[in-house]
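Report on the following structure.
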Amino acid sequence: MNKVQIEQSKDKLNRLAWLLDNTFRIPGTQIRFGLDGLIGLIPGIGDAAGAVISSHILTQAAQMGVPKSILLKMAFNIGLDAILGIIPVLGDVSDFMWKANQRNVQLLNDYLEQPEKTVTHSRLFVGLLGFVAFCGVAFISMLGFLLLRWLWLSVEGN
């Protein structure tokens with residue numbers, strides 16, 4: 001993509017993020033929400049549909065040549081939004097608070113303005129996320145081992 005196409009895509013994605021996350025304001029407050037929050041209210045399919053729509057920003061960022069570490073961070077934002085959305089009541093509140101689309105467009109804008117800094121922060125985030133996932137798997141594995149050991153010792157009578 002050339003600079004003109006990137007700027008046009010950037011403007012379209014900014015408008016899409018605004019539409020999905022900030023279109024409406026609750027009167028008398030500064031609280032804003034968008035179509036993503038409204039779509040998320042549909043039981044069963046709302047959060048999945050919101051994630052599919054949000055993935056358009058991720059796809060456009062990939063076409064602009066954004067590095068994988070930033071794309072992973074964007075995917076995390078979308079995934080967290082979708083996973084939180086599954087939880088009744090809390091998920092609906094999170095749809096209005098966790099503005100994944102705004103976060104992702106801001107990541108894209110930051111990358112286009114300061115690529116080195118944004119890539120470094122995203123790599124640190126992905127590394128930390130990988131470490132947390134590794135620790136979670138190790139913890140669950142240890143619990144499984146201890147449970148099996150306890151069962152084995154109970155069966156043997158020791």
Side-chain angles (χ1 to χ4, degrees), residues 1-140:
M1 292 184 135
N2 63 36
K3 285 191 180 242
V4 172
Q5 290 173 320
I6 288 174
E7 282 302 316
Q8 288 173 342
S9 291
K10 189 173 138 181
D11 290 342
K12 288 178 185 178
L13 294 176
N14 280 318
R15 285 194 305 271
L16 176 63
W18 178 83
L19 180 67
L20 292 172
D21 290 342
N22 291 319
T23 306
F24 308 107
R25 184 176 58 84
I26 297 174
T29 70
Q30 294 299 318
I31 299 172
R32 298 190 73 86
F33 63 95
L35 294 178
D36 187 40
L38 295 176
I39 292 169
L41 293 174
I42 301 170
I45 62 165
D47 294 304
V52 169
I53 295 167
S54 295
S55 67
H56 176 71
I57 296 170
L58 182 67
T59 304
Q60 290 298 306
Q63 289 178 352
M64 289 181 187
V66 171
K68 289 178 185 170
S69 61
I70 296 173
L71 295 176
L72 284 170
K73 193 170 182 181
M74 292 173 133
F76 173 82
N77 288 336
I78 294 168
L80 184 62
D81 185 40
I83 289 170
L84 288 176
I86 293 171
I87 303 167
V89 182
L90 176 66
D92 297 325
V93 171
S94 74
D95 274 340
F96 292 96
M97 305 286 285
W98 181 261
K99 300 180 183 299
N101 301 299
Q102 286 295 133
R103 290 173 186 268
N104 287 345
V105 168
Q106 187 60 50
L107 270 171
L108 176 61
N109 291 337
D110 289 347
Y111 171 72
L112 293 173
E113 291 171 14
Q114 297 178 316
E116 298 85 17
K117 181 180 177 184
T118 308
V119 168
T120 300
H121 288 153
S122 295
R123 285 182 180 162
L124 288 172
F125 174 81
V126 170
L128 180 63
L129 191 62
F131 178 74
V132 168
F134 174 79
C135 289
V137 169
F139 179 72
I140 291 170

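All residue numbers in this chain count up from 1 along the given sequence.
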**Asked** Which residue pairs satisfy the side-chain hydrogen bond (donor to acceptor under 3.5 Å, both in side chains) criterion with at least one member in residues 121-137, sequence neighbours excluded?
**Response** none
**Request:** Starting from the C-alpha separation in whole Å, work towards a yes-or-no answer on side chain to side chain contact (heavy atoms under 4.5 Å, CB included) for Leu35 and Ile53.
**Result:** CA-CA 10 Å; Leu35 294 178; Ile53 295 167; over 6 Å; no
Only distances under 3.5 Å count here; give the side-chain donor-acceptor pairs of residues 25-33 to other protein atoms, sequence neighbours excluded, each with its distance to 0.1 Å.
| unit_1 | atom_1 | unit_2 | atom_2 | d |
| --- | --- | --- | --- | --- |
| Arg25 | NH1 | Thr29 | O | 3.0 |
| Thr29 | OG1 | Ile26 | O | 2.7 |
| Thr29 | OG1 | Ile31 | N | 3.2 |
| Arg32 | NE | Asn22 | O | 2.9 |
| Arg32 | NH2 | Asn22 | O | 3.0 |
| Arg32 | NH2 | Thr23 | O | 3.4 |

**Item:** Those residues that, when tested against Ser94, pass side-chain contact (heavy atoms from CB on, under 4.5 Å) (two or more places apart)
**Value:** Leu84
**Fill in**
Residues passing the side-chain contact (heavy atoms from CB on, under 4.5 Å) test with Val4, sequence neighbours excluded, are Asn2, Gln8
**Asked** Do you know the tightest heavy-atom contact between Gly50 and Ile39?
**Response** N-CG2, 4.1 Å
Could you list the donor-acceptor pairs under 3.5 angstrom formed between side-chain atoms of residues 13-20 and any protein atom two or more places apart in sequence or on another chain?
| unit_1 | atom_1 | unit_2 | atom_2 | d |
| --- | --- | --- | --- | --- |
| Asn14 | OD1 | Asn109 | ND2 | 3.2 |
| Asn14 | ND2 | Lys10 | O | 3.1 |

**Request:** Please name all residues satisfying side chain to side chain donor-acceptor pair (under 3.5 Å) with Asp21, sequence neighbours left out, ordered by chain then number.
**Result:** Asn101
**Request:** Sequence neighbours left out, what passes side chain to side chain donor-acceptor pair (under 3.5 Å) with Gln106? Give chain and number order.
**Result:** Asp110
**Complete:** side-chain contact (heavy atoms from CB on, under 4.5 Å) filter on Asp47, not counting sequence neighbours, yields Asp95
In a table with atom names and distances, give each donor-acceptor pair under 3.5 Å that connects a side chain of residues 59-75 to protein atoms at least two apart or in another chain.
| unit_1 | atom_1 | unit_2 | atom_2 | d |
| --- | --- | --- | --- | --- |
| Thr59 | OG1 | Ser55 | O | 2.9 |
| Gln60 | NE2 | Gln63 | OE1 | 3.4 |

**Item:** Sequence-distant partners of Asn104, side chain to side chain donor-acceptor pair (under 3.5 Å), two or more places apart
**Value:** Asn77
**Asked** Could you give the distance from NZ (Lys99) to CE (Met97), rounded to the nearest 0.5 Å?
**Response** 8.5 Å
**Nearest heavy atoms of Thr118 and Leu107, plus distance in Å** = CG2-O, 3.9 Å
**Prompt:** Under the side-chain contact (heavy atoms from CB on, under 4.5 Å) test, which residues partner Leu129, sequence neighbours left out?
**Reply:** Phe76, Phe125
**Prompt:** Do the side chains of Ile57 and Val105 get nearer than 4.5 Å, heavy atoms only?
**Reply:** yes
**Message:** More than 12 heavy atoms of other residues, nucleotides or ligands under 6.0 Å from CD1 of Ile45: yes or no?
**Reply:** no
**Request:** Please collect all ring-ring contact (aromatic ring centres under 6.0 Å, His included) contacts where either partner lies in residues 44-63, sequence neighbours excluded, each pair once.
**Result:** none
